[in-house]
Number of protein chains: 2
Amino acid sequence: MSQALAHIVDDDEAIRDALTWLLRTRNVAARTWASAEEFLAGWQPDFHGCIVLDIRMKEMSGLECFDVLLERNNSMPVIFLTGHGDVPMAVSTLKKGAFDFLEKPFDDNALVDVVIRAMETDARKQASQETQATVAGRLAQLTPREQEVMQLVLAGKFNKVIADELNISMRTVEVHRSRVFEKMGVRSAVELAQLLAPGRD
Amino acid sequence: MSQALAHIVDDDEAIRDALTWLLRTRNVAARTWASAEEFLAGWQPDFHGCIVLDIRMKEMSGLECFDVLLERNNSMPVIFLTGHGDVPMAVSTLKKGAFDFLEKPFDDNALVDVVIRAMETDARKQASQETQATVAGRLAQLTPREQEVMQLVLAGKFNKVIADELNISMRTVEVHRSRVFEKMGVRSAVELAQLLAPGRD
DNA sequence: CCCGATATTGTGGTCATCCGCAGTGTGGAA
DNA sequence: TTCCACACTGCGGATGACCACAATATCGGG
């Protein structure tokens with residue numbers, strides 16, 4: 001897993017350097033990309049941290065880049081930078097899930113704070129997505145029959161009822177049930193229910 | 001419970017009338033308020049629907065009104081209208097949870113669509129909050145001891161283990177456990193776990 | 001002082017769960 | 001064809017969950 005980085009995407013080298021310097025003096029690791037195309041080409045699903053994205057760039061704009069990232073289910077927070085933004089643009093990007101939208105010239109401290117908060121947000125999301133992925137992986141290991149049985153178990157039904165509904169014997173249900181617990185890494189139906197319905201907040 | 005309404009808050013009577021007419025021709029019930037103060041004074045926690053809030057008003061501005069609503073844990077979506085907004089203002093309000101931020105002059109169809117989506121959003125949130133409140137109410141009916149036992153049951157522990165940890169007999173645990181199920185309106189630990197850890201999404 | 005809410009415990013029994021042991025049958029991959 | 005994953009089943013026993021019946025004990029009000 002690659003380290004958390006602030007990915008700076010801007011076609012102006014002076015800005016890239018300035019941002020990199022600014023972030024590094026605050027102990028935030030950064031990596032730069034000279035264009036949206038370059039970033040999208042080098043983008044890996046295991047990237048994490050955040051993205052600082054200039055809107056006005058030659059060729060592909062930051063807005064278009066953002067749309068591509070959305071299609072790719074990018075989960076990193078995106079912070080837009082722009083010198084010529086307008087209200088509808090800001091509203092639209094934020095409603096699409098952008099983390100923030102800053103106008104140039106921006107305050108150095110404000111930017112660093114936003115970047116740090118974005119990276120913290122990503123770290124939290126990352127952690128929760130990993131446990132989600134683990135659960136999904138375990139679910140995938142269940143055979144179709146085991147998944148059926150699991151659903152009925154989660155519905156709170158007795159083994160006897162499950163056996164009737166599936167037209168199999170109770171003993172078979174017990175075997176499936178046991179395998180489900182084993183493969184899902186739990187030791188009771190209660191733990192299973194909690195694993196598949198994690199807390200809100 | 002009062003009906004879902006679009007609450008229009010604007011100190012310009014012409015705009016209030018126009019918006020009311022616009023929404024009513026699309027079968028959206030609306031109610032108007034001539035100032036932020038008037039709205040805040042008349043606001044009831046059981047209001048639902050959405051709020052269409054003008055930013056520039058005499059006395060209290062829409063932004064200040066929004067802040068008050070946030071403190072009051074208002075759950076209705078807020079749609080800002082403004083003729084003189086800027087990007088930082090839009091970004092700030094959206095990050096604080098505003099539903100949308102529209103600049104005048106706005107497109108009638110666009111506004112109606114936003115209002116309708118906001119009201120749908122609120123209806124969903126309302127429903128989920130009601131079930132949450134029901135659960136909270138039932139939890140409050142549990143005696144302290146019952147809550148303790150419930151926690152341990154949710155931890156997947158056997159009655160025997162719970163009895164040891166609380167230094168009481170198994171029989172007592174059974175009684176508490178039974179009362180918990182009864183008061184919470186469930187018939188198994190699995191249902192209880194699902195009730196207290198409702199799905200995400 | 002009596003009552004209701006809360007917490008506690010025991011007995012004995014029924015039903016559900018879990019498990020080891022032992023085995024059958026099927027369909028696909030090597 | 002042989003091997004393996006998957007589904008299926010029976011038996012019997014150990015353990016846990018649940019419940020009706022029956023009590024004791026504390027505490028705060030009325």
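Below, chain A is the first sequence line, B the second, and so on; all start at residue 1.
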Can you tell me if the side-chain N/O atoms of A:Thr172 get under 4.0 Å from OP1 or OP2 in D:dT9? yes

Are B:Leu70 and B:Asp67 side-chain neighbours, meaning at least one heavy-atom pair lies under 4.5 Å? yes

For the side chain of B:Arg145, starting at C-beta, report the closest nucleotide among C:dA7, D:dC18, C:dC19. C:dA7

For B:Arg179 and C:dA5, what is the distance between atoms CZ and P respectively, to the nearest whole Å? 11 Å

Would you indicate which nucleotide in D:dG10, C:dC18, D:dA7 comes nearest to any side-chain atom of A:Ser169? D:dG10

Under 4.0 Å between a side-chain N/O of A:Arg177 and OP1 or OP2 of C:dC18, yes or no? yes

Would you call A:Arg171 and A:Glu174 a salt bridge, taking side-chain N to carboxylate O under 4.0 Å as the test? yes

Contacts of B:Arg187 and B:Val175 projected onto DNA chain D by closest heavy atom; the upstream (5') one is B:Arg187

Less than 4.0 angstrom between a side-chain N/O of B:Asn159 and OP1 or OP2 of D:dG16, yes or no? no

Any ion pair linking B:Glu146 and B:Arg177 (charged N to carboxylate O, less than 4.0 Å)? no

Just say parallel, tilted or perpendicular for the rings of A:Phe39 and A:His7, cut-offs at 30° and 60°. tilted

Tell me whether the OP1 or OP2 atom of C:dT8 has a side-chain N or O from B:Arg171 closer than 4.0 Å. no

Under 4.0 angstrom between A:Thr143 side-chain N/O and D:dA7 OP1 or OP2: yes

Round to the nearest Å and state the distance from B:Lys160 atom NZ to D:dA14 atom P. 15 Å

Could you check how far CD of A:Glu148 sits from P of D:dC6, rounded to whole Å? 15 Å

Nearest-Å distance for atom pair CG/C1', residues A:Leu152 and C:dA16: 17 Å

Atom pairs, N/O to N/O, protein against nucleotides 23-30 of chain D, distance under 3.5 Å?
none

Is the shortest side-chain N/O distance from A:His176 to OP1 or OP2 of D:dC8 below 4.0 Å? yes

Quick check against the 3.5 Å criterion: does B:Arg24 have a side-chain atom that pairs as donor or acceptor with the backbone of B:Ala30? yes

Backbone of B:Ser35 reached by a side-chain donor or acceptor of B:Asp11 within 3.5 Å: no

What is the separation between atom CD1 on B:Ile168 and atom P on C:dG10, rounded to the nearest whole Å? 11 Å

On the nucleotide D:dC19, are OP1 or OP2 found under 4.0 Å from the side-chain N or O atoms that B:Ser178 carries? yes

For B:Asn167 and for B:Glu174, locate the closest nucleotide of DNA chain C by heavy-atom distance; then report the residue assigned to the nucleotide nearer the 5' terminus. B:Asn167

Heavy atoms, side chains only, cut-off 4.5 Å: are A:Phe80 and A:Phe66 in contact? yes

